[in-house]
Participant: 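Encoded as structure tokens, here's the structure I'll be asking about.
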Amino acid sequence: MTDHGSTPEHAPDDASHDAPRDGEGAGVDGYTGAVKPGGPADVRELPRLTIRKLAVSEMSNNAYLLTCRTTGSQLLIDAADDAPTLLGLVRSGGEGLDAVVTTHQHWDHVRALADVVAATGARTIAGTDDAAALPVTVDETVGQGDTVGFGDVTLSVVHLRGHTPGSIALAYRDPDDAGGRTHLFTGDSLFPGGIGNTKQPGQSFGSLIEDVTTRVFDVYDDDTWFYPGHGDDSTLGVERPHLQEWRARGW
């Protein structure tokens, strides 16, 4: 199969766009978001939500397990590969899995989806325009302005067109977090150093840079921490000064 999501263009190699360090938006909880396939998950504890980030596969796909701290309900973002490892991640968070959200249709993000769903009975959620391409029946399709709920947690859906037609990001703001930081799971639409790959047929740089600008950077503040589909995390504040640079270079 040809991969349309993880070519070098999806995460520009620029040392100035490393994951944020202390003083640049890094959490005081010790979370950095730096994970590697075969290594342990990195864990962030928010007042009402626990975030576990794990990398799987030779393509270093990120998967995120979100656990509601008041109910124990759980949601997985991108069952990318290695179902046994992902099921172990689910067990590390508690009992059962309520839902799996797929950020976009590309094959490297769905290789374990069928097995994880079969093992857990989790409901499946994806962007409306990508749902038909997934290897499972999608129980719930979502688009711009929709929400996804599990336990006492509500995630806002951001539709980001251009990498795939139905790519989505998920935004969370913990109501008990005094800092008020937004946490944004961006799939392959936004990375440290640039937007996702748009060089394959059917992709659109113009569409993706516009949606990332108007639906992400124009909406969320600089403290927003984002969690991409591959590699390290960053904050919007670190990336915002480079938006015009991204537009000018065209990737």
Side-chain angles (χ1 to χ4, degrees), residues 25 27 29 31 33 41-54 62-79 86 89-90 92-104 109 113 116-117 120-131 134 138-161 166-190 211-212 214-229 233 235-236:
D29 51 11
Y31 174 88
D42 200 2
V43 181
R44 166 166 271 168
E45 296 280 3
L46 305 178
R48 295 196 187 183
L49 181 72
T50 300
I51 301 169
R52 292 176 174 84
K53 177 181 180 179
L54 186 71
N62 294 328
Y64 300 93
L65 180 72
L66 310 185
T67 306
C68 174
R69 298 186 66 184
T70 58
T71 69
S73 297
Q74 300 197 111
L75 177 145
L76 182 69
I77 299 174
D78 284 347
L86 294 182
L89 178 68
V90 170
S92 74
E95 295 294 329
L97 184 66
D98 293 80
V100 181
V101 176
T102 300
T103 60
H104 64 291
H109 290 262
L113 181 57
V116 167
V117 170
T120 63
R123 78 183 194 274
T124 53
I125 303 168
T128 300
D129 294 331
D130 275 12
L134 301 191
V138 174
D139 299 313
E140 181 180 349
T141 60
V142 292
Q144 178 68 15
D146 289 338
T147 60
V148 172
F150 66 103
D152 291 336
V153 174
T154 300
L155 308 171
S156 299
V157 177
V158 184
H159 185 193
L160 300 172
R161 301 157 292 188
S167 287
I168 57 171
L170 298 168
Y172 175 72
R173 187 164 182 171
D174 198 301
D176 291 340
D177 183 358
R181 168 177 278 167
T182 298
H183 299 263
L184 188 65
F185 302 89
T186 59
D188 280 6
S189 291
L190 176 64
D211 276 0
V212 165
T214 61
R215 296 183 175 186
V216 175
F217 284 93
D218 289 354
V219 173
Y220 300 104
D221 62 23
D222 284 353
D223 283 344
T224 298
W225 187 290
F226 70 87
Y227 306 76
D233 305 349
T235 66
L236 295 189

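Numbering of residues begins at 1 and proceeds along the displayed sequence. From a predicted model like this one, the values you see are computed outputs, not experimental measurements.
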Participant: Between Ser92 and Leu89, which heavy-atom pair has the shortest distance, and what is it?
Facilitator: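 Between these two residues, the closest heavy atoms are OG-O, 2.5 Å.
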Participant: With no hydrogens and no angle check, is any side-chain donor or acceptor of Arg69 less than 3.5 Å from a backbone partner on Leu46?
Facilitator: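 Here the side-chain-to-backbone pair exists.
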Participant: Going from OG1 on Thr224 to CG on Leu184, what distance comes out if it is rounded to the nearest 0.5 angstrom?
Facilitator: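 Reported to 0.5 Å precision, the distance equals 7.0 Å.
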Participant: Spell out, as yes or no, whether a donor-acceptor pair under 3.5 Å connects the side chain of Gln74 to the backbone of Val90.
Facilitator: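 Flag set: sc Gln74 to bb Val90 pair under 3.5 Å.
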Participant: Check whether any side-chain N or O of Asp42 sits under 3.5 Å from a backbone N or O of Gly33 as a donor-acceptor pair, and report yes or no.
Facilitator: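 Side chain of Asp42 to backbone of Gly33: a pair is present.
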Participant: Would you please name every residue forming a side-chain contact (heavy atoms from CB on, under 4.5 Å) with Thr128, sequence neighbours left out?
Facilitator: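 side-chain contact (heavy atoms from CB on, under 4.5 Å) list for Thr128, sorted by chain: Thr141.
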Participant: Going by salt bridge (Lys or Arg N to Asp or Glu O under 4.0 Å), name the residues that satisfy it together with Asp211, two or more places apart in sequence or in a different chain.
Facilitator: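 Once residues adjacent in sequence are excluded, the partners of Asp211 under the salt bridge (Lys or Arg N to Asp or Glu O under 4.0 Å) criterion are Arg161, Arg215.
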Participant: Is there a donor-acceptor pair under 3.5 Å between the side chain of Asp223 and the backbone N or O of Arg181?
Facilitator: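 Answer holds: no.
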Participant: What's the spacing between Asp146 CG and Leu155 CG if we round to 0.5 Å?
Facilitator: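 Output value for this atom pair is 12.0 Å.
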Participant: Is Val43 close to Thr50 at the side-chain level, that is, under 4.5 Å between some pair of heavy atoms?
Facilitator: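 They are in contact (side-chain heavy atoms under 4.5 Å apart), so the answer is yes.
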Participant: Which atom pair, heavy atoms only, marks the closest approach of Gly166 to Asp130?
Facilitator: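 Where Gly166 meets Asp130 most closely, the heavy atoms are N-OD1, 2.8 Å.
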Participant: Not counting sequence neighbours, which residues clear side-chain contact (heavy atoms from CB on, under 4.5 Å) with Asp139? List them please.
Facilitator: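 Expected list: Arg123, Thr124.
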Participant: Please identify each residue that fulfils side-chain contact (heavy atoms from CB on, under 4.5 Å) with Val116, with sequence neighbours left out.
Facilitator: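 Applying side-chain contact (heavy atoms from CB on, under 4.5 Å) to Val116 gives Leu76, Ala79, Ala83, Leu86, Leu87, Leu97, Val100, Ala112, Thr120.
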Participant: Taking the side chain as C-beta and beyond, is there a heavy-atom pair between Glu45 and Asp29 under 4.5 Å?
Facilitator: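 No. Closest side-chain heavy atoms not under 4.5 Å.
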Participant: Taking only residues two or more places apart in sequence or in another chain, which ones pass side-chain hydrogen bond (donor to acceptor under 3.5 Å, both in side chains) with Ser73?
Facilitator: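 Applying side-chain hydrogen bond (donor to acceptor under 3.5 Å, both in side chains) to Ser73 gives Thr71.
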Participant: Work out which heavy atom in Thr235 is nearest to a heavy atom in Asp222; give both atom names and the distance.
Facilitator: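 Taking every non-hydrogen atom into account, CB-O, 3.7 Å.
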Participant: Under the rule for side-chain hydrogen bond (donor to acceptor under 3.5 Å, both in side chains), what residues qualify as partners of Thr102, not counting sequence neighbours?
Facilitator: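 Result, side-chain hydrogen bond (donor to acceptor under 3.5 Å, both in side chains) vs Thr102: none returned.
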Participant: What residue among Thr67, Val153, Asp98, Leu66 forms side chain to side chain contact (heavy atoms under 4.5 Å, CB included) with Leu75?
Facilitator: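 Answer to the side chain to side chain contact (heavy atoms under 4.5 Å, CB included) test with Leu75 among Thr67, Val153, Asp98, Leu66: Leu66.
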Participant: For the residue pair Leu190 and Leu236, establish whether any side-chain heavy-atom pair is separated by less than 4.5 Å.
Facilitator: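 Of all side-chain heavy-atom pairs linking Leu236 with Leu190, at least one is under 4.5 Å.
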Participant: Taking C-beta and beyond as the side chain, do Ser156 and Leu170 meet within less than 4.5 Å on heavy atoms?
Facilitator: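 The answer is no, as the side chains (C-beta and beyond) never meet within the 4.5 Å cut-off.
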Participant: Please examine the side chains of Lys53 and Asp233, heavy atoms only from C-beta on, and report whether any two atoms are closer than 4.5 Å.
Facilitator: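 Of all side-chain heavy-atom pairs linking Lys53 with Asp233, at least one is under 4.5 Å.
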Participant: Sequence neighbours excluded, which residues qualify as ring pair (Phe, Tyr, Trp, His ring centres under 6.0 Å) partners of Tyr64?
Facilitator: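 Scan of Tyr64 (ring pair (Phe, Tyr, Trp, His ring centres under 6.0 Å), adjacent residues dropped) gives Phe185, Tyr227.
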Participant: Do Asp188 and Thr103 have side chains that approach each other closer than 4.5 Å (heavy atoms only, starting at C-beta)?
Facilitator: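 They are not in side-chain contact.
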Participant: Ignoring hydrogens and geometry, is there a side-chain-to-backbone donor-acceptor pair from Gln144 to His159 under 3.5 Å?
Facilitator: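 Pair found, side chain donor or acceptor close to backbone of His159.
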Participant: Can you name the residues that form a salt bridge (Lys or Arg N to Asp or Glu O under 4.0 Å) with Asp177, not counting sequence neighbours?
Facilitator: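 Once residues adjacent in sequence are excluded, Asp177 has no partner under the salt bridge (Lys or Arg N to Asp or Glu O under 4.0 Å) criterion.
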Participant: With sequence neighbours left out, write down each residue that passes salt bridge (Lys or Arg N to Asp or Glu O under 4.0 Å) with Asp176, or none if nothing qualifies.
Facilitator: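 Testing Asp176 for salt bridge (Lys or Arg N to Asp or Glu O under 4.0 Å), a comparison that skips the adjacent residues, returns Arg48.
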Participant: I need the minimum non-hydrogen distance between Ala171 and Tyr220, along with the two atoms involved.
Facilitator: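 Heavy atoms only, the tightest pair is CB-OH, 3.4 Å.
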Participant: Kindly write out the residues that satisfy side-chain hydrogen bond (donor to acceptor under 3.5 Å, both in side chains) with Thr182, not counting sequence neighbours, or none if the list is empty.
Facilitator: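 With neighbours one apart ignored, the set is empty.
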Participant: Could you tell me which non-hydrogen atom of Ile125 sits nearest to which non-hydrogen atom of Ala99, and how far apart they are?
Facilitator: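 In terms of heavy atoms, the two residues are closest at CD1-CB, 4.0 Å.
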Participant: What is the minimum heavy-atom distance between Cys68 and Leu49, and which atoms define it?
Facilitator: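 Nearest pair, atom of Cys68 first, then Leu49: N-CD1, 4.2 Å.
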Participant: List the residues meeting salt bridge (Lys or Arg N to Asp or Glu O under 4.0 Å) with Arg173, not counting sequence neighbours, and say none if there are none.
Facilitator: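 Applying salt bridge (Lys or Arg N to Asp or Glu O under 4.0 Å) to Arg173 gives none.
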Participant: Under the side-chain hydrogen bond (donor to acceptor under 3.5 Å, both in side chains) rule, collect the residues that match up with Thr186, sequence neighbours excluded.
Facilitator: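 Partners of Thr186 under the side-chain hydrogen bond (donor to acceptor under 3.5 Å, both in side chains) test: none.
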